[in-house]
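Working notes, beginning with the structure itself.
Labels below follow one simple rule: chain letters A, B, ... track the order of the sequence lines, proteins then strands, and each chain is numbered from 1.
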4 protein chains.
Amino acid sequence: MAVPPTRPVLRDRYDRKQQMVVLQAARVFAARGYDQTSIQDLAEEIGLAAGGLYHYIGSKEQLLIRICDQLMDPLLERARELLAAPAEPEAQLRALAGLWVAHVVEHRDHMLVFQQERHTIERGEQWRGVRSSRKQFERLVEDVLDRLAQAGRLRLADRRLALSALLGMVNHTAQWFRPRGRLRPADVARGYVDLLVD
Amino acid sequence: MAVPPTRPVLRDRYDRKQQMVVLQAARVFAARGYDQTSIQDLAEEIGLAAGGLYHYIGSKEQLLIRICDQLMDPLLERARELLAAPAEPEAQLRALAGLWVAHVVEHRDHMLVFQQERHTIERGEQWRGVRSSRKQFERLVEDVLDRLAQAGRLRLADRRLALSALLGMVNHTAQWFRPRGRLRPADVARGYVDLLVD
Amino acid sequence: MAVPPTRPVLRDRYDRKQQMVVLQAARVFAARGYDQTSIQDLAEEIGLAAGGLYHYIGSKEQLLIRICDQLMDPLLERARELLAAPAEPEAQLRALAGLWVAHVVEHRDHMLVFQQERHTIERGEQWRGVRSSRKQFERLVEDVLDRLAQAGRLRLADRRLALSALLGMVNHTAQWFRPRGRLRPADVARGYVDLLVD
Amino acid sequence: MAVPPTRPVLRDRYDRKQQMVVLQAARVFAARGYDQTSIQDLAEEIGLAAGGLYHYIGSKEQLLIRICDQLMDPLLERARELLAAPAEPEAQLRALAGLWVAHVVEHRDHMLVFQQERHTIERGEQWRGVRSSRKQFERLVEDVLDRLAQAGRLRLADRRLALSALLGMVNHTAQWFRPRGRLRPADVARGYVDLLVD
DNA sequence: TATGAATGAGCCTTCATTCAT
DNA sequence: CATGAATGAAGGCTCATTCAT
């Protein structure tokens, strides 16, 4: 198991390195696939011996969980902050979509891994936290869409279908968006929202 | 290697069983993941011994390829037929979305496997055929959207973004659609198109 | 996991081979130690590839459990048979010691492994069965000693101490007895009982 | 390698701590098994980091050797002292058994480790010293029994069997004796000798 | 066709040990 | 003295695949 050191200075260095490991792992898993990447492969890419990795990851599955947390936690936090403040539903949806698409684009690798391993996430006990985060986030999006519908601005009669459509569009963004491309994340987000809002 | 029999009667029975094997494999892979499912797991679920499976699959990877073909081939064929006939772009888009969503829903497991193994499909030589099918299908959708745009009916200025949005929505459908739910595939397809068309 | 075949003929061959594997494992473990013997070592000695062994053992620990069962089950059964029949306590003790020592000597390797791994046996849930067998056997010995004491023929006032002494002597036999030596098992058993009986 | 300090004051503190380490290691090994206990486990139990342990142990195997020495050296020394003085064989046997059983009981953990690792001790070059101690001690016991037999007081015709019986009884004591129980070590020793002496 | 024994490579993980700090 | 990061070599086990029956 990965046991972080207790002394604050070391703890800091440890935490930073652990973040790096998770980040790099996301990149490698996204490219080769989680199962197709051996711990040896990963260690090599990170520049450690296989055993050394285990100071930071606990297990391969815990590493995968950390990748998902690194994806979901800040997104959920920022979305909550945003929606806590009072504002018009359309404005909130635009702001939410903006940060969401930006997050997806910045965490492209995390997203790809998250999607690849959907069946894993939906199954075990140890994935409960990740599942819960995903559901909470979807709930936030749903709420904004509901308020938009109540304001008569949602172009789709079925709110659930609107939610699924938005989820599908945004998540899929990870699979085609290129940072050096013509479109900026904000353009993408605006486009998606334009489709939904009257 | 899987060597099908030559005598027609036997060949027929063999083909039918092979189709069943591929179908069942899609189901199991969708639930447990391709890599997390061993050949022995799969054989047990199908009701054969491990060795017996190999009469029908050739190899595990070929089985995966067959799953993808079973998904893409008929979809591509029907889409081509549809778009070969002359018709208005909106009508064609509606018809295309209808059969597409219906196909996704009917091949939910295939879709989930297809999405899980995206990184596999995008890489090797033996996946060229599957990749090609996917690209051809996306090209067909793109063409309809282009004609819709030329007719001034597309609600998004950026056609590529519209394509990505549609791909995202429809593909994502596999992840939430429930056959016994409130919505029928046709409702879903209509909703998606309504978002895009003016 | 080790899954035995269902068809009777194959099942028979499987069971026989499994018995052989357990037997050989006892021999190797006794000589090199359970932990110091790798599955590779063991497989080599048995004449299988490492993977092939797993058709018969399930896991290294289950193999250890089987060794213990192969030791305890027949001993317990014979002891029960013997003590079920009515007889004088001294005669029963002599008969019991006779078969017990003979069993220890014939299962010398099993005994050595059993003693080496005492700490393992006393701990986990999966060892409950083995622990229970050991306790039941000791209980049988205790009963005979009690009846001997009631008949006024036990040379030690403390019956528990007598039991421990006998257990110590007989079990230790595995560590020094040589089949080609001067003493036969029956001589050893007689000697032990002579010490205890007035 | 473990390099003790040279300055006497430090050396003293070092030696005391080393004794403690060996003592605690015996306890942990007895409970969990030598091989099943990692250096990290051990360090945690002792309250050091893994690296810190190595100041005191040299290597895991040297630690095991020290445990055996801590068991055998004082026993052998006291037994030699006792038997150096002239006395009747029965009195000597009683005295020897007394200190022996007391020693076994006080070094219960050491004994359990010693028995667990019998196959290790009997094999390597570095174990020659421990093996030699064991043999010398057994030789001392054998001599007393021989003199007892010459005095016509041994209840077993076969002296080797008597020796094995005594070794078995006393060594086995480590496995059942409870310090807070009804019996004191002296009672146990007397019981064993009573069995052997006419 | 089908079975299940068998292989051999590879995977995740552990662990004794070392060393810079 | 002590820490904890790091290594590198196994170790137990799984698994796709083959083949005699």
Next item on the list: With heavy atoms under 4.0 Å as the rule, sort B:R13 into base, sugar-phosphate or nothing.
Entry: sugar-phosphate

Notebook entry, point to check: Checking all strands, does A:I39 fall into the base, sugar-phosphate, or nothing category for heavy-atom contacts under 4.0 angstrom?
Noted result: base

Nearest-Å distance for atom pair [atom1]/[atom2], residues [X] and [N]:
X	N	atom1	atom2	value
A:K60	E:dC12	NZ	P	4 Å
A:I46	F:dA5	CD1	C1'	15 Å
C:R11	E:dG4	CZ	P	12 Å
B:L42	F:dC15	CG	P	12 Å
D:F29	E:dC15	CZ	P	12 Å
A:E44	E:dC12	CD	P	13 Å
C:D41	F:dG12	CG	C1'	12 Å
C:L64	F:dG11	CG	P	17 Å

With no hydrogens and no angle check, just 3.5 Å: does a side-chain donor-acceptor pair link [X] and [Y]?
X	Y	value
B:Q24	B:R27	yes
C:Q19	C:Q70	yes
C:H119	D:Q116	yes

Check: So, are A:E61 and A:R66 salt-bridged, with charged N and O less than 4.0 Å apart?
Finding: no

Check: Does a side-chain N-to-carboxylate-O contact under 4.0 Å join D:R123 and D:E117?
Finding: no

To the side chain of [X], which of [options] is closest?
X	options	result
A:L48	F:dA6, E:dA5, F:dA2	F:dA6
D:Y54	E:dT14, F:dA2, E:dT18	E:dT18
B:Y14	E:dT1, F:dG4, E:dG4	E:dT1
B:Q40	E:dG4, F:dG4, F:dA16	F:dA16

Phosphate-side-chain proximity, [X] and [N], N/O vs OP1/OP2 below 4.0 Å:
X	N	value
A:Y56	F:dA6	yes
B:H55	E:dA2	no
B:K17	E:dA2	yes

Notebook entry, point to check: If you pin B:D35 and D:P5 to their nearest nucleotides in DNA chain F, which one's is more 5'?
Noted result: D:P5

Notebook entry, point to check: So which one's nearest nucleotide on DNA chain F is more toward 5', B:T37 or D:A49?
Noted result: D:A49

Item checked: C:L53 vs A:S38, nearer the 5' end of DNA chain E by closest nucleotide -> C:L53

Margin query: Both A:S59 and D:E61 contact DNA chain E. Which one's nearest nucleotide lies toward the 5' end?
Written below: A:S59

Notebook entry, point to check: Is any side-chain heavy atom of C:Y56 closer than 4.5 Å to a side-chain heavy atom of C:P4?
Noted result: no

Next item on the list: Fill in the dot-bracket string of DNA chain F, one character per base: . for unpaired, | for a pair to another strand, ( ) or [ ] for pairs within the strand, taking Watson-Crick or G-U pairs under 3.5 Å.
Entry: .||||||||||||||||||||

Checklist line | Neighbour count above 12 (heavy atom, 6.0 Å) for D:E44 CD | finding: no

Item checked: Partner set under side chain to side chain contact (heavy atoms under 4.5 Å, CB included) for B:S133, not counting sequence neighbours -> B:M72, B:D73, B:L76

